S.K.: 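Sharing a structure with you now.
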There are 2 protein chains.
Amino acid sequence: MPTDQLSRTFAALADPTRRAILARLSTGEATVGQLAEPFAMSFAAVSKHLRVLETAGLVTRGRDAQYRPARLDARPLAAASEWIGDYKKFWADSFDTLGSYLDKLQQHNTPSNDSPANDTPEERP
Amino acid sequence: MPTDQLSRTFAALADPTRRAILARLSTGEATVGQLAEPFAMSFAAVSKHLRVLETAGLVTRGRDAQYRPARLDARPLAAASEWIGDYKKFWADSFDTLGSYLDKLQQHNTPSNDSPANDTPEERP
DNA sequence: TCGGTTTAGAACCAAGTAGTTGAATAGGAG
DNA sequence: CTCCTATTCAACTACTTGGTTCTAAACCGA
């Protein structure tokens with residue numbers, strides 16, 4: 001709701017429907033009708049969600065006859081990822097202090113992983 | 001606003017004040033008064049922001065005399081980072097298709113800015 | 001041209017959010 | 001006990017959000 005880009009990005013992600021839409025778009029363009037199909041929701045509601053994603057810069061819309069296909073643009077996620085990344089050291093090992101984390105970092109230069117390949121990015125309601 | 005954890009996490013991050021509070025807490029515990037000091041905002045408003053962060057699991061509150069110090073708990077950020085990480089391939093090079101991204105990944109195994117590891121090409125979000 | 005399909009817009013509603021002010025509570029200090 | 005500090009609660013305002021329904025617009029096909 002605030003006007004800064006990062007806030008808009010996070011706000012856009014703070015809804016399961018919108019995350020599912022992004023997941024769907026990660027497999028390719030889709031029309032509003034195709035996007036709305038899995039949801040118990042009107043087209044207009046999906047259209048509104050798309051508008052939120054659009055003003056967050058996460059999707060762009062095209063025009064193909066009467067269709068306005070939506071396309072994923074993940075670039076705003078880079079800034080979001082970067083922001084969260086600054087906190088990685090705080091969840092790297094929740095029993096370690098920051099100090100011992102930094103020690104470990106110095107010893108062997110492997111600061112934890114964060115994902116053993118999670119295939120299911122989001123629920124599909 | 002929805003009740004799922006990931007949505008609460010993203011919603012909590014979708015506000016500059018709350019992100020600033022988290023940044024402050026990353027340097028150590030702080031009381032409401034200390035947290036409110038940099039903002040042109042009442043204590044009660046900061047208290048509300050803290051409540052949002054608390055229900056998102058991002059801060060925990062203690063009790064020290066009449067103070068209720070807030071402490072960062074970054075663990076919910078891991079899930080958020082993981083979710084976003086699934087989209088990394090889509091912003092890796094916005095002019096490349098996913099296919100050529102995967103090609104490049106295979107050729108020279110160079111991660112990127114944000115973090116070593118977690119560039120595992122998990123299959124499509 | 002007429003009709004069907006796809007989408008957006010407008011008006012509306014219920015619920016939530018971000019802030020305010022002022023009173024109430026909890027705990028230490030005198 | 002009484003006062004002071006730190007924090008929350010309650011009530012209020014103003015605005016946003018996620019959804020609805022109904023209507024209008026864009027476009028294709030017959």
Side-chain angles (χ1 to χ4, degrees), chain A residues 1-22 24-25 28-71 122-125, chain B residues 1-22 24-25 28-71:
Chain A
M1 188 227 290
T3 50
D4 75 282
Q5 177 59 44
L6 198 48
S7 296
R8 278 198 303 270
T9 303
F10 280 130
L13 298 180
D15 183 290
T17 302
R18 287 195 288 267
R19 290 197 302 276
I21 288 175
L22 290 181
R24 167 66 181 79
L25 290 179
E29 283 191 357
T31 67
V32 175
Q34 293 169 331
L35 290 171
E37 191 258 324
F39 301 106
M41 198 185 299
S42 67
F43 281 29
V46 172
S47 202
K48 282 192 179 183
H49 281 301
L50 274 177
R51 153 109 54 207
V52 173
L53 291 167
E54 200 177 355
T55 66
L58 286 165
V59 314
T60 57
R61 310 293 304 270
R63 161 72 72 177
D64 176 14
Q66 68 251 210
Y67 307 90
R68 293 193 198 299
R71 187 169 31 258
E122 187 51 31
E123 65 279 357
R124 312 284 288 240
Chain B
M1 196 230 292
T3 50
D4 75 281
Q5 178 58 46
L6 198 48
S7 296
R8 277 198 302 269
T9 303
F10 280 131
L13 298 181
D15 183 289
T17 302
R18 285 195 290 265
R19 290 198 303 277
I21 288 175
L22 290 180
R24 168 65 182 78
L25 290 179
E29 285 192 355
T31 67
V32 175
Q34 292 169 330
L35 290 171
E37 190 258 322
F39 300 106
M41 199 182 300
S42 66
F43 282 28
V46 172
S47 199
K48 284 191 180 182
H49 281 302
L50 273 177
R51 152 106 60 203
V52 173
L53 291 167
E54 200 176 354
T55 67
L58 286 164
V59 316
T60 57
R61 311 293 305 271
R63 161 72 72 179
D64 175 14
Q66 66 253 208
Y67 307 90
R68 289 181 179 7
R71 186 169 33 256

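Since this is a predicted model, take the numbers as computed values, not measurements.
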S.K.: With distance as the sole test, does B:Arg24 use its side chain to make a donor-acceptor pair with the main-chain N or O of B:Leu35 at under 3.5 Å?
M.R.: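 Between the backbone of B:Leu35 and the side chain of B:Arg24 there is no qualifying donor-acceptor contact (under 3.5 Å).
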
S.K.: The side chain of B:Gln66 is closest to which nucleotide in this list: C:dG27, D:dT21, D:dG19?
M.R.: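 The answer is C:dG27, which lies nearest to the side chain.
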
S.K.: Heavy atoms from C-beta onward define the side chain here; which of D:dG18, D:dT7, C:dA8 lies closest to that of A:Val32?
M.R.: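 Ranking D:dG18, D:dT7, C:dA8 by closest atom to the A:Val32 side chain puts C:dA8 first.
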
S.K.: Check whether any side-chain N or O of A:Arg68 sits under 4.0 Å from OP1 or OP2 of C:dA8, and answer yes or no.
M.R.: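 Yes, such a contact exists.
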
S.K.: Think B:Arg61 has a side-chain N or O under 4.0 angstrom from the OP1 or OP2 of D:dT7?
M.R.: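 No, because none of the side-chain N or O atoms of B:Arg61 sits under 4.0 Å from OP1 or OP2 of D:dT7.
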
S.K.: Taking atom C1' of C:dT17 as reference, at what distance in whole Å does atom CG of B:Asp15 sit?
M.R.: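 Spelled out: CG on B:Asp15 to C1' on C:dT17 is 10 Å.
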
S.K.: Nearest to the side chain of B:Tyr67 - C:dT21, D:dT7, C:dG9?
M.R.: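 Nearest nucleotide to the side chain: D:dT7.
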
S.K.: Grab the CG-C1' distance between B:Leu50 and C:dA18 for me, whole Å please.
M.R.: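 Computing the B:Leu50:CG to C:dA18:C1' distance gives 14 Å.
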
S.K.: Out of C:dG27, D:dG19, D:dT8, which nucleotide sits closest to the side chain of B:Ala65?
M.R.: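 Output: C:dG27.
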
S.K.: Both B:Gly33 and A:Asp64 contact DNA chain D. Which one's nearest nucleotide lies toward the 5' end?
M.R.: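 Per heavy-atom nearest nucleotide, the more 5' residue is B:Gly33.
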
S.K.: Please pick, from D:dT20, C:dT7, D:dG18, the nucleotide with the shortest atom-to-atom distance to any side-chain atom of A:Ala45.
M.R.: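 Per side-chain heavy atoms of A:Ala45, the pick is D:dT20.
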
S.K.: C:dG9, C:dT7, D:dC28: which one has an atom nearest the side-chain heavy atoms of A:Ala44?
M.R.: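 Looking only at side-chain atoms, A:Ala44 lies closest to C:dG9.
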
S.K.: Checking contacts here: which listed nucleotide (C:dA18, C:dG19, D:dT20) is nearest the side-chain heavy atoms of A:Met41?
M.R.: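 Nearest to the side chain of A:Met41 among the choices is D:dT20.
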
S.K.: Nearest to the B:Ser42 side chain among C:dT20, C:dG9, C:dT7, which nucleotide is it?
M.R.: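 It is C:dT20.
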
S.K.: State whether A:Arg51 places a side-chain N or O below 4.0 Å from either non-bridging phosphate oxygen (OP1 or OP2) of C:dG9.
M.R.: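 A:Arg51 to C:dG9 OP1/OP2: side-chain N or O found under 4.0 Å.
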
S.K.: Would you say a side-chain N or O of A:Ser47 is under 4.0 Å from OP1 or OP2 of C:dA8?
M.R.: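 It does, given that an N or O in the side chain of A:Ser47 lies less than 4.0 Å from OP1 or OP2 of C:dA8.
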
S.K.: Is the phosphate of D:dT17, meaning OP1 or OP2, less than 4.0 Å from a side-chain N or O of A:His49?
M.R.: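 Checking A:His49 against D:dT17: no side-chain N or O falls below 4.0 Å of OP1 or OP2.
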
S.K.: Nearest to the side chain of B:Arg18 - C:dA18, C:dA11, C:dT20?
M.R.: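 Comparing C:dA18, C:dA11, C:dT20 against the side chain of B:Arg18, the answer is C:dA18.
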
